[in-house]
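Structure, as structure tokens:
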Number of protein chains: 2
Amino acid sequence: MAYNIPVEATLDVIGGKWKVVIMCHLIKGEKRTSELKRLMPGITQKMLTQQLRELESDGVVNRTVFEQVPPKVVYSLTEYGWSLRPILDAMCAWGEGHIDLTSEKAVQ
Amino acid sequence: MAYNIPVEATLDVIGGKWKVVIMCHLIKGEKRTSELKRLMPGITQKMLTQQLRELESDGVVNRTVFEQVPPKVVYSLTEYGWSLRPILDAMCAWGEGHIDLTSEKAVQ
DNA sequence: AACCATAGGCACTTTTTAGTACCTACCATC
DNA sequence: GATGGTAGGTACTAAAAAGTGCCTATGGTT
């Protein structure tokens with residue numbers, strides 16, 4: 001996969017509708033599948049699983065399965081995933097600072 | 001538009017396949033349409049125009065038209081667009097630092 | 001026996017996103 | 001008079017992303 005500009009490599013990993021949101025939740029600590037679902041009311045089970053699988057195969061998140069009934073699976077950021085933290089922090093900070101302006105714009 | 005988490009506001013503005021790439025080029029200075037096309041060999045005329053229109057209506061880029069023949073249109077980041085710079089810088093830096101690892105992974 | 005919760009698989013459909021092809025207008029040059 | 005270069009527009013199609021509904025397994029509760 002050749003990139004015309006390095007930032008495309010970043011987009012390959014964090015691109016998509018839900019990955020950044022998932023990672024922003026995982027920054028605050030490991031989460032079970034059901035917790036993530038509660039934190040993201042708009043996501044479907046399928047998309048959550050799919051995005052987590054992709055993040056896992058990209059080495060960004062760890063998936064830990066506890067062999068018990070009912071099943072328990074916990075997701076957390078890997079060290080590689082933590083290297084994305086500056087990006088996630090910048091995105092979260094910008095969102096917090098500009099969410100009001102965005103709403104105003106929507107009203108105009 | 002209600003967000004479950006502020007970072008979704010950020011994704012609304014910079015989400016999409018090309019917007020971050022376009023903005024990364026505009027960071028280095030204003031560009032004409034044809035320059036952007038040359039810098040992004042993979043983008044089609046239609047997508048370039050479409051993404052620029054969206055960035056413009058989000059207040060992130062300026063579109064300056066010079067009334068001459070042949071037409072000349074120049075795009076640049078607005079002040080609001082510059083506020084996204086920490087995100088763009090972090091994404092570019094991560095891409096530069098991890099592009100090799102990504103290629104290795106693709107080879108495995 | 002029926003039902004719950006968990007974590008997900010799978011087939012199918014819909015929606016969104018992106019690509020192709022062809023169109024405009026202007027003036028200059030060949 | 002045809003062609004080139006610029007900056008698009010538009011209709012149609014293809015591909016990717018996302019959503020829906022129904023399925024599994026297990027053991028405990030009602």
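Throughout, a chain's letter reflects where its sequence line sits, starting with A, and its residues are numbered from 1.
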Give the minimum heavy-atom separation between A/G59 and A/T78, together with the two atoms involved. O-OG1, 2.5 Å
Honestly curious: do B/L52 and B/F66 fall in one hydrophobic cluster under the side-chain, below-4.5 Å linking rule? no
Show your working on side-chain hydrogen bond (donor to acceptor under 3.5 Å, both in side chains) between A/Y3 and A/D12 and close with a plain yes or no. CA-CA 10 Å; A/Y3 301 114; A/D12 259 8; 2.7 Å; yes
Which part of the nucleic acid does A/F66 contact within heavy-atom distance under 4.0 Å: base, sugar-phosphate only, or nothing? nothing
Between C1' of D/dA17 and CH2 of A/W18, the distance in whole Å: 12 Å
Quick one: salt bridge (Lys or Arg N to Asp or Glu O under 4.0 Å) pairs with a partner in residues 45-57 of chain A, sequence neighbours left out? A/K19-A/E54
Atom-pair distance (CZ on B/R63; P on D/dT6), nearest Å: 16 Å
Without decimals, in angstroms, what is the distance between B/Q50 CD and D/dG9 C1'? 12 Å
Which atom of B/E30 lies closest to which atom of B/S76, heavy atoms considered: CB-CB, 3.8 Å
Reading 5' to 3' through nucleotides 20-30 of chain D, protein heavy-atom contacts under 4.0 Å coded B for base, S for sugar-phosphate only, - for none: B-----BS---
Ignoring backbone atoms, test whether B/R38 places a side-chain nitrogen or oxygen under 4.0 Å from the OP1 or OP2 oxygen of D/dG5. no
Starting from C1' on D/dA16, measure out to CD on A/E54 and report it in whole angstrom. 11 Å
Of all heavy-atom pairs linking B/W18 and B/G42, the shortest is CH2-C, 3.7 Å
Give me the first and last nucleotide of DNA chain C, going 5' to 3', that has any atom under 4.0 Å from a heavy atom of chain B. C/dA18 to C/dC27
Rounded distance (nearest 0.5 Å) linking atom CD of A/Q50 with atom CD of A/Q45: 11.5 Å
Without decimals, in angstroms, what is the distance between B/K17 NZ and D/dA17 C1'? 12 Å
Do B/K31 and B/Y75 meet the cation-pi criteria used here (NZ or CZ under 6.0 Å from the six-membered ring centre, within 45° of the axis)? no
Should B/R32 be listed as having a side-chain N or O under 4.0 Å from OP1 or OP2 of D/dA7? yes
When every non-hydrogen atom of A/I27 is compared with those of A/W82, the smallest separation belongs to O-CH2, 3.5 Å
